[in-house]
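Accompanying notes for the structure given below.
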Protein chains: 2
Amino acid sequence: MSDGKLSYKEKKVITIGIVSEITGLSQRQIRYYEERNLIFPERTERGTRKYSFSDIEILGDIADKIEEGVQTFEIRKDMIKKAKGKQTREDVNKMIRGQLNAHFNIRK
Amino acid sequence: MSDGKLSYKEKKVITIGIVSEITGLSQRQIRYYEERNLIFPERTERGTRKYSFSDIEILGDIADKIEEGVQTFEIRKDMIKKAKGKQTREDVNKMIRGQLNAHFNIRK
DNA sequence: CGTGTAAGGAATTCTGACACG
DNA sequence: CGTGTAAGGAATTCTGACACG
């Protein structure tokens, strides 16, 4: 299901040197944010990290937070919260649909 | 005008090793098609080639043509023809618009 | 905590050339 | 013509560690 064709934005194909150029972050910083579980590059067969455009956007967000003085641990918590928020919104939709169905099926 | 933000598809950020993995073509083949002016990677400061997803698609098309026995020179002519075709279509649109304007402005 | 850096090795990329056909 | 390959060098990436604070 989650296999096969991903959009260009999500495909992990960019090496760390180019990510560093684009983001302006050092390779050390980029690797450290991975160590802190903020980004998850894939690896080539022989271990070279590969990033997506999406990862580059996330790195930009991380850099902003860091500049604001937010610690990586906090950034991670926010990311988890947001991920859960998305999930919750979907669940809420399901619940609403469930309720509507229950409502309109009362007399059925 | 043609500066600044390009779509992810057009941005040249992928190194030849990864392009080779994705397309199944050898680095030799990829470099040769460049020599024949079929693709135009950019370069990093120190000379490493960088390709876009769009380049990868073009490489797929080239590979198909080569398999069919078409020579690189012919492939190049086709690409130029198609590029001109696009240009012509736009020009045609402009001409049509021009004619329409002329038509509706006759009595003005 | 977040990041710089020197260290040593392994993998990558580059170019020009010879080979086959 | 299109592609493989060996060649030598230069640039890239990786990890684990020490440093500062």
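Note on naming: letters A, B, ... go to the chains in the order of the sequence lines (proteins, then strands), and numbering restarts at 1 for each one. Keep in mind that what you see is a predicted model, and the values were worked out from it rather than measured.
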Taking pairing as Watson-Crick or G-U wobble with both contacts under 3.5 Å, can you name the mate of C:dA6, or confirm there isn't one?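 Matched C:dA6 with nothing under the 3.5 Å cut-off.
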
Is there a Watson-Crick or G-U wobble partner for D:dG16 with both distances under 3.5 Å, and which nucleotide is it?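 Its partner is none (no Watson-Crick or G-U wobble pair with both distances under 3.5 Å).
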
Among [options], the one nearest [X] by side-chain distance:
X       : options                : result
B:Gln29 : D:dT15, D:dT3, C:dC14  : D:dT3
B:Arg49 : D:dC14, C:dT15, D:dT3  : C:dT15
A:Arg36 : C:dG2, D:dC14, C:dT15  : C:dG2
B:Thr48 : C:dA17, C:dC14, D:dT15 : C:dC14
B:Ile16 : C:dT15, C:dT13, D:dC18 : C:dT13
B:Gln27 : C:dG4, C:dC18, C:dT13  : C:dT13

Starting from the C-alpha separation in whole Å, work towards a yes-or-no answer on side chain to side chain contact (heavy atoms under 4.5 Å, CB included) for A:Val13 and B:Phe53. CA-CA 10 Å; A:Val13 295; B:Phe53 284 110; 3.7 Å; yes

For [N], does OP1 or OP2 lie under 4.0 Å from any side-chain N or O of [X]?
X       : N      : answer
A:Tyr32 : C:dG2  : yes
B:Arg43 : C:dT15 : yes
A:Tyr33 : C:dT3  : yes
B:Thr44 : D:dA11 : no

Step by step, would you call B:Ile39 with B:Leu59 a side chain to side chain contact (heavy atoms under 4.5 Å, CB included)? CA-CA 8 Å; B:Ile39 43 171; B:Leu59 282 168; 3.6 Å; yes

Atom pair distance, as rounded to whole Å: CG in B:Leu59 and P in D:dT3: 11 Å

How many whole angstroms separate atom CG of A:Leu25 from atom C1' of C:dG2? 12 Å

For B:Gly47 and B:Arg28, take the nucleotide of DNA chain C holding the closest heavy atom to each; which residue's nucleotide lies nearer the 5' end? B:Gly47

Base, sugar-phosphate or nothing for [X]? Non-hydrogen atoms, less than 4.0 Å.
X       : result
A:Thr72 : sugar-phosphate
B:Ser26 : sugar-phosphate
A:Arg46 : sugar-phosphate
A:Arg31 : base

Determine whether B:Ile75 and B:Tyr33 make a side-chain contact, defined as any pair of heavy atoms from C-beta on separated by less than 4.5 Å. no

Would B:Arg31 and B:Glu34 satisfy salt bridge (Lys or Arg N to Asp or Glu O under 4.0 Å), going step by step from the backbone distance to the final call? CA-CA 5 Å; B:Arg31 292 197 190 101; B:Glu34 176 183 359; over 6 Å; no

Do you see a donor-acceptor pair shorter than 3.5 Å between the side chains of B:Ser26 and B:Gln29? yes

